[in-house]
Protein chains: 2
Amino acid sequence: MLINMMLAGCLRSVVHGEIFMADEHGPNSCVTCPRRQLTEWRNLETEHLELVNRHKHDRILKPGEILFNQGDESEGIYCVKDGLVGERRFDAEGHSILVRLNHPGTTVGYQELLSKTPFRNSAEVLQDSHICFINKSIVQQLIEGAPSVGQRFLRRSLKDAQDLEDSFVEVQTISVKARLLHVLMIFYERYGRLDPDVGHVFDIPVARQDLAALVGAAPETISRTTRQLQADGLVQFPGVRKAIIPDLDLVFDAIGADT
Amino acid sequence: MLINMMLAGCLRSVVHGEIFMADEHGPNSCVTCPRRQLTEWRNLETEHLELVNRHKHDRILKPGEILFNQGDESEGIYCVKDGLVGERRFDAEGHSILVRLNHPGTTVGYQELLSKTPFRNSAEVLQDSHICFINKSIVQQLIEGAPSVGQRFLRRSLKDAQDLEDSFVEVQTISVKARLLHVLMIFYERYGRLDPDVGHVFDIPVARQDLAALVGAAPETISRTTRQLQADGLVQFPGVRKAIIPDLDLVFDAIGADT
DNA sequence: GCATCATATTGATCAACATCAATGATAGGT
DNA sequence: ACCTATCATTGATGTTGATCAATATGATGC
C-alpha cells in the first residue's frame with residue numbers, strides 16, 4: 001500500500017516533466033516533493049529549499065510508531081509525505097481521543113514549535129508512513145529569511161482553529177451516529193472511488209478503536225452504530241476497514257436530520 | 001456597573017501617570033487605552049497608533065446587543081475595552097452554545113477578517129460593554145506597515161487553537177460537574193476576591209442559560225449541578241450571579257476526581 | 001494448519017444528561 | 001408598588017451512550 005503510494009508520488013513528478021530534477025535531487029528531495037505544494041514550504045525559493053533538503057531527515061514508519069509524546073519539548077517539525085499520522089490526547093484515566101488526523105502534505109507539530117510549549121498531544125503513525133523531520137533551528141532560519149513562511153503558518157493556524165471550533169461545536173450538539181457519518185465522509189472524500197455496481201467504496205484507514213477515538217465514543221458504541229447504519233442501508237461494511245456508501249444523498253440527509 | 005468599570009479604567013490610567021496623555025487624547029484614546037497592552041496593538045508605534053485612534057469608532061453596548069451575526073461578512077475588528085462579549089454558535093435546532101468569552105483587552109473577529117471568511121459565530125454583548133471598532137482597511141494597513149501585528153495575530157491564533165483543543169478534549173472526557181467547576185474557576189480568577197469570613201467570593205457575569213451554553217449543557221442540568229455543588233459544600237450560590245468557594249483545594253480535587 | 005493473542009462484536013445493565021411540564025423567583029416598565 | 005414577561009428551579013420521564021462481561025473474529029508466528 002505504502003509502496004503504491006510512493007510509486008504514485010514518483011510517477012507524478014515524472015509526469016510533470018521534472019524527471020531531471022528528480023534524478024538530480026533523488027526521489028526524496030524536498031525540491032521535487034509533490035506534497036510540498038500543500039505545506040507551508042510551498043513558496044520557498046531555491047536557496048531555502050536546498051537548506052531544508054540538506055538538513056531534513058526522512059524515515060519510513062509503521063503503524064504504532066511515535067513521532068513525539070505528549071509532554072515532550074519540540075525539537076522541530078514533521079512533514080507527512082505519505083501515510084497517516086494521528087494526534088492523540090490521553091486523559092487522566094488513560095483513555096485517549098484522536099484530536100486530528102494529518103494526511104500527506106501536512107506539517108505536524110508546528111504549533112508547539114512556534115509557541116515554544118511542550119507537545120499537548122502524542123503524534124502516532126496510523127498507516128505505513130513516510131515522514132520527514134526538520135530541525136527547529138532550520139525552521140527558525142526559514143521564518144526569519146522567508147516572510148511567506150510566517151504568513152503560511154498564520155493561515156494554517158487560523159484554519160486549525162476553525163476546524164477545532166467546528167469539532168468542538170459538533171461534539172456538543174450532534175449524536176454519535178451523525179459524527180460517525182461525518183468521519184466516514186471525510187474518509188470517503190480522501191480514499192473513495194465510485195464502483196458503478198455497488199456504490200461509493202472506500203477504505204477506513206484506522207482500526208475500530210481509533211475510529212472510536214476519532215468520533216469520541218466507546219468502541220462498543222461504534223460497533224452498534226455501524227450495525228445500525230447497515231440496517232438502515234446508509235453504509236455497508238464488507239470488512240473491518242472497508243465501507244460502501246450506496247447513496248451519498250441518504251448520508252447527507254441523515255447527518256442533517258440526526259440531532 | 002459599567003460606570004464603575006469605566007471609572008476604574010480611567011483612574012488606572014491616571015494612577016499610571018498618564019494624566020497629560022489622557023487629557024490630550026481624551027479618555028477614549030487608543031494611545032492611552034489601558035487595555036491596549038493586552039491586544040495585538042501593544043507594540044504599535046505612535047504613527048500607527050494615531051491611525052487607529054483617528055479611525056476607530058467606539059460605543060457603549062448593553063447585554064443582548066450584537067456585534068456581528070453568524071454568516072455576516074467581516075467588516076473589521078472589535079476591541080473589548082470593558083465588559084464582556086460572548087461568541088455564540090447556533091445549531092440547526094436553534095440551540096446555541098457559547099464558544100468563548102472575550103474579556104477586556106481582547107480583539108474579537110480577527111479570525112474571519114484574516115481568513116476572509118464569513119463569521120462562524122455571532123458576537124453578543126453579555127455585560128454592559130465599551131467596544132471599539134476598527135475597519136478592515138485600517139487593520140490591513142497595520143498588518144502591512146507593522147510587522148509586529150502579524151506576529152501578534154499568529155500568537156493569538158496559536159493560543160486560540162490551543163484553548164479550543166483543550167475545550168474539545170474536555171467536553172469529550174469530563175463530566176458536566178467538572179466542566180462547570182472549571183468555568184466557575186475561570187470566573188473566580190477574573191472576578192474573585194477573598195473575604196476572610198466566608199471564602200472566595202466572585203460574580204458570575206452571565207445568566208444561567210449562558211452558563212449552560214458555556215458548559216454545553218441544558219439549563220436544568222446546571223440548576224441541578226449547582227444544587228449538588230452546594231450540597232457537597234464545594235460552592236455556595238447566594239444569588240443567581242454570585243458564588244462563594246469556601247475552599248479552593250476542595251474544588252481542585254473535585255475537578256481532578258470527577259470523571 | 002493450528003495455537004495464541006489482539007481486536008471486534010454482542011448482550012445486559014447503569015449512569016448521565018436531555019426533555020417536557022409545572023411552579024417559583026426576578027427584573028423592568030408604567 | 002404592581003404587573004407582566006422572562007428567567008430559574010424542580011420533578012418526572014426518556015434517551016443516549018458508557019461500562020462490564022462474554023463471545024466471536026481475525027491476524028501472526030511456528
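The analysis underlying the following values was restricted to heavy atoms, covering all of them including side chains, and did not include hydrogens, waters or symmetry mates. Note on naming: letters A, B, ... go to the chains in the order of the sequence lines (proteins, then strands), and numbering restarts at 1 for each one.
Considering only side-chain atoms of A/Arg227, the nucleotide from C/dT10, D/dG17, D/dT10 that sits closest is C/dT10. Residue B/Ala207 has its side chain nearest to D/dA8 when only D/dG17, D/dA8, C/dC17 are considered. With D/dT19, D/dA8, D/dT10 as the choices, the nucleotide that has an atom nearest any side-chain atom of B/Arg224 turns out to be D/dT10. Closest to the B/Ala218 side chain, of the nucleotides C/dA18, C/dG11, C/dT7, is C/dA18. Closest to the side chain of A/Val240, from the set C/dA8, D/dT19, D/dT9, is C/dA8. Side-chain atoms of A/Ser223 lie closest to C/dT10 of the nucleotides D/dT10, D/dC7, C/dT10.
Relative to the ring axis of A/Phe119, A/Arg89 does not place its NZ or CZ within 45° and under 6.0 Å from the centre.
Residue B/Gln228 contributes atom CD, which lies 14 Å from atom P of D/dG11 at whole-angstrom precision. In this structure, the NE2 atom of A/His95 is 8 Å from the P atom of D/dC20, given to the nearest Å. Distance, B/Asp210 CG to D/dA8 C1': 13 Å, rounded to whole Å. One interatomic measurement links the two molecules: CD of A/Glu93 to P of D/dC20, which rounds to 12 Å at whole-angstrom precision. Distance, B/Leu211 CG to D/dC7 P: 15 Å, rounded to whole Å. In this structure, CZ of A/Phe237 is placed 17 Å from C1' of C/dT7, rounded to the nearest angstrom. Counting to the nearest Å, the P atom of C/dA8 and the NZ atom of A/Lys242 are 15 Å from each other. To the nearest angstrom, C1' of D/dT16 lies 13 Å from CD1 of A/Ile222.
On a pure distance criterion of 3.5 Å, a polar donor-acceptor pair joins the side chain of B/Glu220 and the base of C/dC20.
For C/dA16, the OP1/OP2 oxygens have no side-chain nitrogen or oxygen of B/Ser175 closer than 4.0 Å.
In this model, a donor atom of one side chain and an acceptor atom of the other lie less than 3.5 Å apart for B/Gln162 and A/Ser115. In the model, B/Arg88 has a side-chain atom that pairs as donor or acceptor with a side-chain atom of B/Ser96 under 3.5 Å.
The 12-atom threshold is not exceeded at NE2 of A/His182, counting heavy atoms of other residues, nucleotides or ligands nearer than 6.0 Å.
A donor-acceptor contact shorter than 3.5 Å is absent between the side chain of A/Asp195 and the backbone of A/Gly199.
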